[in-house]
**Q** 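My questions will all concern the structure given below.
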Amino acid sequence: MEKIRNIGIIAHIDAGKTTTTERILYYTGRTYKLGSVDEGTTAMDWMEQERARGITITAAATSAEWQDHRINIIDTPGHVDFTAEVERSLRVLDGGVVVFDGVAGVEAQSETVWRQADRYGVPRICFINKMDRTGANFERCVGMIVDRLKARPIVVQLPLGQEDTFRGVIDVVRGKFLLYSGKADESPLVADIAPEEQARYEEARHKMIERLSEDDDQIMNAYLEGLPIGEGELKAAIRRAAISGRGIPIFCGSSLKNKGVQPLLDGVVDYLPSPLDMPPITAITAKTGEKVARPVSDEAPFAALAFKIVADPFVGRLVYLRIYSGTIAAGAGVFNSTRGEKERTGRLLIMHANRHEEITEAGAGAIVAAMGLKETFTGDTLCPQDQPILLESIRFPEPVLSVAIEPKTRADRDKMIDSLTKLSEEDPTFKVTFNEETGQTVISGMGELHVEVLVNRLLSEYKVGANVGRPKVAYKETLSSSAKVEGRFIRQSGGRGQYGHVMVEFTPNEAGKGLEMEETVRGGAIPREYVKAAMQGIREAAETGGRAGYPVVDIKANIYDGTYHEVDSSDMAFKMAGSLALKNALSQGRSTILEPIMKIEVVSPEQFLGDIIGDLAARRGRVEAIETHGDTSTVHGVVPLSRTFGYATDLRSMTQGRATYSLEFYQYQPLPAEIAEELLAEAAGSK
């Protein structure tokens with residue numbers, strides 16, 4: 001088990017993750033020809049949509065062998081719309097290789113994936129890629145890692161040359177030159193350090209030892225006593241620093257030109273943890289809620305987390321599992337403690353992107369795909385039925401963009417429902433809802449590209465005939481001030497009537513807290529079961545929407561009084577009373593419509609800066625910072641999601657196609673009053 005590495009390749013879009021992974025597969029003998037993103041011949045980007053667009057959309061898993069070690073690799077997407085793929089991959093990985101563009105350095109999505117890795121405590125090494133490109137600057141990238149990511153880099157390699165003169169690296173640990181010809185099949189030439197580079201090497205080695213001695217007693221003692229520190233001692237100290245998160249080893253190279261990938265693989269083996277180096281996974285017992293640890297051992301009780309579902313067109317529904325303890329055999333019975341369901345595994349597979357090899361058994365530390373698990377979904381725990389535990393699930397952000405979709409024919413309708421179910425099982429950030437009022441099916445995702453990709457998969461991959469509406473922003477409503485209201489539902493007919501009456505105080509809640517409810521009914525004014533029914537009514541009314549039909553969020557509701565009738569009161573009457581109370585509060589307490597605000601980062605030649613800033617202002621955006629590096633400027637700001645549709649086209653025409661941008665969800669903020677009034681009027685007109 002000490003010879004297993006579970007790693008993810010993570011980075012901003014276009015930093016070179018997939019190209020780096022393709023080189024790793026080639027050098028480990030997993031593939032026999034170099035895949036190219038530009039030519040659409042990569043092993044990892046196997047989906048039709050990925051090859052057409054030249055980007056990674058879904059995290060692909062594979063495994064390879066290097067120096068007698070098994071490396072399980074997940075190549076993750078870089079685009080922010082597919083951030084859920086990174087989230088669930090990091091949840092189950094032991095280590096990460098973070099790839100940076102040597103020219104751009106730390107970009108917006110680099111920060112996002114770094115924060116995600118911090119949240120899950122994933123040890124990392126960094127690879128500064130594209131050192132052969134014009135504008136590449138190793139020192140600037142390392143500086144950005146310190147300033148923007150607040151990390152503590154340990155520079156284990158220095159570039160030899162830069163831009164078009166980049167020819168290899170100085171290995172600071174071994175004290176050697178590694179020189180590359182650029183030919184894929186040639187190993188690097190190992191040479192002694194040239195006299196003109198000796199001072200640079202010694203300075204880097206001194207800094208490395210200083211950095212390590214800050215946290216490592218063994219290195220500090222040797223450093224203070226002036227003792228020689230050998231290669232083995234240095235590697236062991238760097239490994240301790242990387243696994244503890246106190247230091248981040250920094251490598252460099254050019255994946256496209258086949259420079260620096262083999263030492264990066266050595267770094268994965270030398271510095272990233274095996275499953276045994278990670279602390280035992282903590283779970284809670286399903287019955288008592290007590291904390292329990294599961295050690296990384298084949299002898300321990302079985303515990304696994306389902307982190308990904310794939311509807312494979314050839315082998316059917318696959319559930320990707322990270323096994324934390326114990327073993328699982330093909331055909332074995334397991335218990336899904338999250339859903340309380342007994343399951344039976346079919347075949348067990350080790351995946352290589354969309355290809356696979358079959359195995360009969362898998363042990364602790366393994367990442368495998370299982371067939372036959374019909375009731376298991378992303379985030380579910382599998383364990384023995386007599387020892388049910390729950391592992392921490394995976395949290396995903398809420399979708400911010402939706403489109404209406406309707407089938408062209410009756411035959412398409414059934415096919416569409418089945419296909420949307422499969423897609424939503426695969427992607428937890430993709431939501432499908434049915435609007436009773438309009439009769440439309442509404443699909444929601446994390447952004448324009450996310451929804452566009454899902455629609456294209458539906459039309460081309462699943463062959464569903466459908467008409468697609470224009471994207472709509474996921475607005476929400478909340479209260480701007482407190483309101484004490486009555487909810488009164490009284491109906492008298494010939495027989496038994498309906499009587500529900502509650503007094504509720506609604507107050508605004510903190511942003512992101514959602515709907516919180518309590519009751520302070522005294523003296524049995526309303527029986528407890530009717531209070532629960534009224535709460536259910538408030539909850540359902542909040543979901544179906546307020547004055548403009550948007551979900552109501554971030555409010556507190558306190559049911560403090562009411563009356564009931566011995567004969568006519570019922571759960572249904574009090575549910576209706578609770579629902580009416582919320583509607584009254586929204587009209588009295590003045591509801592505020594909230595809109596999703598996005599962080600935007602635009603990288604452009606300096607000459608177009610004025611046009612970009614003016615255009616952002618016209619979109620109700622706000623510029624928060626501008627950074628300049630050479631003749632390139634980076635604009636950081638925020639902009640409403642509703643004003644970003646078609647921005648890619650506008651930015652291209654503004655900057656002659658020379659600028660790039662990225663968007664990331666930031667927070668919900670109140671919509672300006674005049675626009676909110678328009679939306680309310682529009683909603684009233686459509687009813």
Side-chain angles (χ1 to χ4, degrees), residues 6-10 56-61 72-96 109 112-124 275 278-284 286 291 294 302-311 317-325 334-341 343 351 365-370 373 375-383 388-400 422-432 444-447 450 454 512 514 664-665:
N6 292 317
I7 66 161
I9 313 286
I10 55 178
T56 303
I57 290 168
T58 181
N72 296 319
I73 304 166
I74 297 183
D75 175 31
T76 65
H79 197 285
V80 69
D81 281 14
F82 308 103
T83 188
E85 290 288 332
V86 185
E87 185 84 24
R88 59 172 158 202
S89 301
L90 286 171
R91 170 68 178 81
V92 299
L93 292 170
D94 300 326
Q109 186 64 2
T112 304
V113 297
W114 195 270
R115 285 197 303 273
Q116 288 172 310
D118 279 343
R119 191 160 61 247
Y120 291 117
V122 177
R124 279 146 274 177
M278 302 304 285
I281 192 78
T282 304
I284 58 168
K291 284 192 175 180
R294 285 284 183 264
F302 176 65
L305 185 78
F307 69 95
K308 185 176 169 70
I309 311 294
V310 175
R317 188 177 191 268
L318 290 174
V319 178
Y320 282 67
L321 301 173
R322 164 66 199 262
I323 302 169
Y324 286 103
S325 64
V334 291
F335 183 63
N336 182 331
S337 55
T338 309
R339 301 180 189 275
E341 297 277 353
E343 291 267 59
M351 299 305 295
I367 291 177
V368 296
L373 301 172
E375 300 299 323
T376 299
F377 298 89
T378 300
D380 288 1
T381 301
L382 298 179
C383 57
I389 58 164
L390 290 166
L391 297 166
E392 184 190 346
S393 193
I394 310 171
R395 292 187 203 91
F396 296 105
E398 285 295 309
V400 294
K422 284 179 181 171
L423 286 171
S424 61
E425 280 184 12
E426 283 187 23
D427 186 347
T429 57
F430 173 55
K431 296 279 191 291
V432 183
S444 309
M446 297 305 298
H450 187 208
L454 287 163
E664 177 187 347
F665 175 69

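No hydrogens, no waters, no symmetry mates; every other heavy atom, side chains included, goes into these values.
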**Q** Under a 3.5 Å distance rule, please check whether Ser337 uses its side chain to pair with a backbone N or O of Pro388 as donor and acceptor.
**A** no
**Q** Kindly write out the residues that satisfy side chain to side chain contact (heavy atoms under 4.5 Å, CB included) with Ser444, not counting sequence neighbours, or none if the list is empty.
**A**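 For Ser444, the residues satisfying side chain to side chain contact (heavy atoms under 4.5 Å, CB included) (neighbours in sequence not counted) are Pro399, Ser402, Lys431, Val442.
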**Q** Do you know which two heavy atoms are closest between Thr376 and Ile309, and how far apart they sit?
**A** O-CD1, 3.6 Å
**Q** State the CZ-CG distance between Phe377 and Asn336, to the nearest 0.5 angstrom.
**A**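 If we round to the nearest 0.5 Å, Phe377:CZ and Asn336:CG are 9.0 Å apart.
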**Q** On a heavy-atom basis, which atom in Ser89 and which in Ile74 lie closest, and how many Å separate them?
**A** OG-CG2, 3.5 Å
**Q** Rounded at 0.5 Å granularity, tell me how far CG in Leu305 sits from CD1 in Ile394.
**A**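 Output value for this atom pair is 5.0 Å.
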**Q** Test of understanding: with side chain to side chain contact (heavy atoms under 4.5 Å, CB included), list the residues that count as partners of Ser325, not counting sequence neighbours.
**A** Arg294, Ala300, Ala303
**Q** Ignoring hydrogens, what is the shortest heavy-atom contact between Met278 and Gly121? Give both atom names and the distance.
**A**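 Closest heavy-atom pair between Met278 and Gly121: CE-O, 4.3 Å.
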**Q** Taking the six-membered ring of Tyr324 as reference, does the NZ or CZ atom of Arg322 fall below 6.0 Å from its centre and within a 45° cone about the axis?
**A** yes
**Q** Mind checking the CD1-OH spacing from Ile367 to Tyr320? Nearest 0.5 Å is all I need.
**A** 10.5 Å
**Q** Minimum heavy-atom separation for Phe335 to Glu341, with atom names?
**A**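 Closest heavy-atom pair between Phe335 and Glu341: CD1-O, 3.5 Å.
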**Q** Ignoring hydrogens, what is the shortest heavy-atom contact between Asp380 and Arg339? Give both atom names and the distance.
**A**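 It is OD2-NE, 2.5 Å.
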**Q** Going from CZ on Arg317 to CD on Glu426, what distance comes out if it is rounded to the nearest 0.5 angstrom?
**A**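 That separation rounds to 9.5 Å.
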**Q** So how far is it from Leu390 CG to Thr338 OG1, rounded to the nearest 0.5 Å?
**A** 5.5 Å
**Q** To the nearest 0.5 Å, what is the distance between NE2 on His450 and CG on Asp427?
**A** 3.5 Å
**Q** Can you sort out the partners of Glu343 under salt bridge (Lys or Arg N to Asp or Glu O under 4.0 Å), two or more places apart, ordered by chain and number?
**A** none
**Q** Identify, with sequence neighbours excluded, every residue that meets side chain to side chain contact (heavy atoms under 4.5 Å, CB included) alongside Pro428.
**A**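 Residues passing side chain to side chain contact (heavy atoms under 4.5 Å, CB included) with Pro428: Arg88, Thr378, Phe396.
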**Q** Listed by chain and number, what are the side chain to side chain donor-acceptor pair (under 3.5 Å) partners of Asn6, not counting sequence neighbours?
**A**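 Per chain and number, Asn6 pairs via side chain to side chain donor-acceptor pair (under 3.5 Å) with Asn72, Asp94.
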**Q** Assess the residue pair Val319 and Glu425 against the criterion (side-chain contact (heavy atoms from CB on, under 4.5 Å)); give the C-alpha distance rounded to whole Å, side-chain angles, the decisive distance to 0.1 Å, and a yes or no.
**A** CA-CA 10 Å; Val319 178; Glu425 280 184 12; over 6 Å; no
**Q** Taking all atoms of both residues into account, what is the closest heavy-atom pair of Ala283 and Ile389, and its distance?
**A** CB-CD1, 3.8 Å
**Q** Who pairs with Val122 by side chain to side chain contact (heavy atoms under 4.5 Å, CB included), at least two apart in sequence or on another chain?
**A** Leu90, Ala117, Tyr120
**Q** Can you sort out the partners of Glu392 under salt bridge (Lys or Arg N to Asp or Glu O under 4.0 Å), two or more places apart, ordered by chain and number?
**A** Arg395
**Q** Do Ile10 and Trp114 come within less than 4.5 Å of each other through their side chains, counting heavy atoms only?
**A**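 Not touching, per the 4.5 Å side-chain cut-off.
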